[in-house]
Each structure stands twice: as C-alpha cells, then as structure tokens.
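Both ligands and their constituent atoms are indexed starting at 1 by order of listing. Atom set for the values below is all heavy atoms of this structure, side chains included, hydrogens, waters and symmetry mates excluded. The shown structure was predicted, so the numbers you read here are calculated from the model rather than taken from an experiment.
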Amino acid sequence: MNVLAIIQKKRDGNILAPEEINYFIKNYQNGAIPDYQAAAFLMAIYFQGMDSGETAALTEAIVNSGETLDFSLLGRPVADKHSTGGVGDKTTLVLLPLLAANGVTVAKISGRGLGHTGGTIDKLSCIPGFQTELSRSQFLEQVRSLGLAIMSQSAEMTPADGMLYALRDVTATVDSIPLIASSVMSKKIAAGAQYIILDVKAGSGAFMRDEQQARRLAEEMVAIGRALGRKTVALITAMDQPLGLAVGNHLEVLEAIATLKGEGPSDLTLLTIELGAELLVACGLAEELAEARGKLAASLRDGSALAMFRRFVAAQGGDPSVLEEPQNLGSPAFRAALRCTQAGVVAGLDARAVGLAAVLLGAGREKKGDSIDLTAGIYLHKKIGDSLQKGDILAELFTSSAGRLVAAQEKLAAAYLIGEAPTESYPLLLGRVE
Ligand code: URA
C-alpha cells in the first residue's frame, strides 16, 4: 500500500477502505509514517470528513493499537459512561455507584481535567488515600468482586490515540467530528464495556458550543458503537451554565456525596437519573425509562447508592469517613464572596467563564501535567433564573493562594449577566440519539 496514495485519496474526498485506514494507523504507530504525512492525513480528514464506515474503521484501528479489556466471561452487563466534558460535571461520581447498586457492573477508565473542564480522576484524588493508578489485574478483580472500579488512563491502551491527539493539538485538527468521535469511542471500546451511555454537552462550557454540532458528534459516536457491536445511547445536554452549584474538585466531591444522600441540586440529580435510566433499560434491568427512573431514585432515597460509594472508596484505598465528615477532605485556606451590585434576575451564567475563573483559583490545569489545587473552586449561590437583591452573594471563591482571588473574582463577575428576567429558558435535556 502507498501512503501518499492514501493521503491523496482522502484529500480528494474519496472513501478510504478499512485496510487503508488500518495500514496508515499501524505504520504511523510503528514510526514508518512520519508526523508530516500523518499531519497531512489529519488535515485531509478535517476538510473532507469521513463516512460512518471510515470512522468505525479508524476507531477499530486505534483500539487495535494497544491492550484491550474483555469482560465477556463475567456473564453480567458491563457498562461505561462518558461525558464530553463540562464545568461542574461531577455526574460520574454519583452515577457509577448508583448503577452498581442497581446491578450494572461498571468498569471505567477516566482522565484528568484540562483547561476549564474537570476530570473524574482529579476529583477522586481529593479523597485521602484513594488510588487511581490500578494495575490491570487489580482493576479486573475489583470489577469482578465489587462490580465497580475506576482507574486512570494507561499508556498501554489506545496508544495511537495518544500519538494522534498530540499531533492534532499542534496542527489545528482537534475539532473534527470523525477525529473526536473515533478518539473517544476507541477508549470506551478498548476498556471493554458492552453498554455505553454518552453525555454530549452543548453550550459555552462544552467542547461543542453549538447544539447541532453536538448532535452530529453524538450521532457519529452512536454509529461507531453500533458498527462495533456496543449498545450505545447518547443524551445531548446543556452546558450553558455549570451543572450543579459546585465547581472545583473538592467542592464537587462534597456535592456528589450530598447527591448520593438525596440532597443534591435538582439539575445534577435529574441528569444522573436520566443517564442511569438509559443504561438500566439498555442492559435489560428495567423494561422502560419510567421504571428505571423509579429504581434509581429509590436507591438515592434508601441509602443503597451511598453504601455502594462507601464500598467503592474503601476498595480503592480511600478514607470512607469523608462521607460523614466532609472536613476530612481538607479545606481551602482562603475564601471570598462575590456580591451583586444591583437587583434583578440572573439572565445568563457563562459556564466557560466560570470554569476559567476556577482555573485562575488553581482548580484546573492550563496545560497537561500542571499540578492543581484540589481545594480551589467556586460555589454558586445564584444560577440562571434566580432573583437578586443588591448585595446578595452570587458566589463564593475558594483557594489556597490568596493572590489568585482578585483576578478570579473579576472573571467570575463577568460570567454573570444580570437582567430583569431570564433572556431565554435553559432546558437541561436537549436531545437523545440511539
Ligand atoms: N476527548 C478525547 O478523548 N478525544 C478528542 O479528540 C476530544 C476530546
């Protein structure tokens, strides 16, 4: 096969055969194809796109570049959840124990946060002693015995994705739907889940700011799941304002625990139950969504989801006393309040700006590998639609470094749009793709 001919074929808008895509990925991985040819190939995909057969073939080639997990011998439904990333999105921390408490086995491989979006591994790292660097055998054993395990991404799985992502990052080819869809789905498929629920965010705090783009991404990922034999459902959900009230790792863990106790914010609880209900039905553990929602809500009320979270924390070496004594999570040294200077209504709350204000406080990374302040973050006292009196607290800011407060406060103040009435309504659930 000829590399140049493959690049030309894609450049001219033709459909590549699976063997050509496979050949390209294999030879890029082993160094036979240099970065400059791979960059040209990515740019050709960026402009010409890929059809669903090509995208599935690209995903499979990336899966085959490394180790994979296989849970088929367990004889139970094994599921995974993925969010395309947002601000204040701690859904995974609530959803996974909730699912496990309802008979769904969950094996999740997660990443760290980058930029204004958070990551599950950082959140779990707030819990004293919690281990996210599990070996393959520890991970498999915990999935088998407890029915729930989370570990951080390992270099042995989907290594071609790591190489391609690094190249996309420096060649302006990150935001291509087939490239994003294959990158995300390759990691889910390599991790062995048979049932996948995707939370595709749309709005200012999301990767896809536009709802139509988010829908296209969701359709692409669901099509890959179908082509590769994984039952996949996607919900398209709003990320115009942060999810819940807490933004920042430590605050988000506290909010997740409160939600597992049935005391969480309504948007977070609703989204968790909707995502979970889709999986319960997909796995055959409920006949229909209404029944599934009822089961999940009952597990939040009767303490069974919280009990599963406790077992999960203990199994991964974490201190379960944080469930009763939140001060054991540590606390930030400095705090400040942002107050409103006029009466009115919160008409807008820009999720991206809130996320960036949290990064200024130390809660997020500007680049991969940066260390972060796990206790830094923002607690939102007011969200869209809330009415305000002059002097009310809009939000509180937390950090270990007092010098970070002023810039973050300015950024956060600019995130709030105060009006006389909400400019538009903001439904959380925007669509569903099966
Ligand atoms: N997340 C991924 O894992 N891959 C992408 O390409 C974009 C977001």
Asker: Is the Phe312 to Phe130 ring centre distance short of 6.0 Å?
Answerer: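 Yes: the rings meet the under 6.0 Å criterion.
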Asker: For Asp370, enumerate each residue passing the salt bridge (charged side-chain N to carboxylate O under 4.0 Å, His left out) test, keeping only those at least two apart in sequence or located in another chain.
Answerer: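 Asp370 satisfies salt bridge (charged side-chain N to carboxylate O under 4.0 Å, His left out) with Lys367 only.
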Asker: Tell me if the CZ atom of Arg432 is crowded by more than 12 foreign heavy atoms within 6.0 Å.
Answerer: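 For Arg432, atom CZ is crowded (more than 12 foreign heavy atoms under 6.0 Å).
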Asker: Near Arg293 CZ, under 6.0 Å, is it more than 12 heavy atoms from other residues, nucleotides or ligands?
Answerer: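 Enclosed.
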Asker: Measuring from each atom of ligand 1, which residues have a heavy atom under 4.0 Å away?
Answerer: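 Under the 4.0 Å cut-off, ligand 1 touches Tyr165, Arg168, Ile180, Ser183, Val184, Lys187, Phe207.
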Asker: For Lys9, does the NZ atom have more than 12 heavy-atom neighbours from other residues, nucleotides or ligands under 6.0 Å away?
Answerer: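 Counting neighbours around NZ of Lys9, more than 12 heavy atoms of other residues, nucleotides or ligands fall under 6.0 Å, so yes.
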Asker: May I ask you to decide whether Arg136 forms a salt bridge with Glu156, counting only side-chain N to carboxylate O separations under 4.0 Å?
Answerer: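 Glu156 and Arg136: not salt-bridged.
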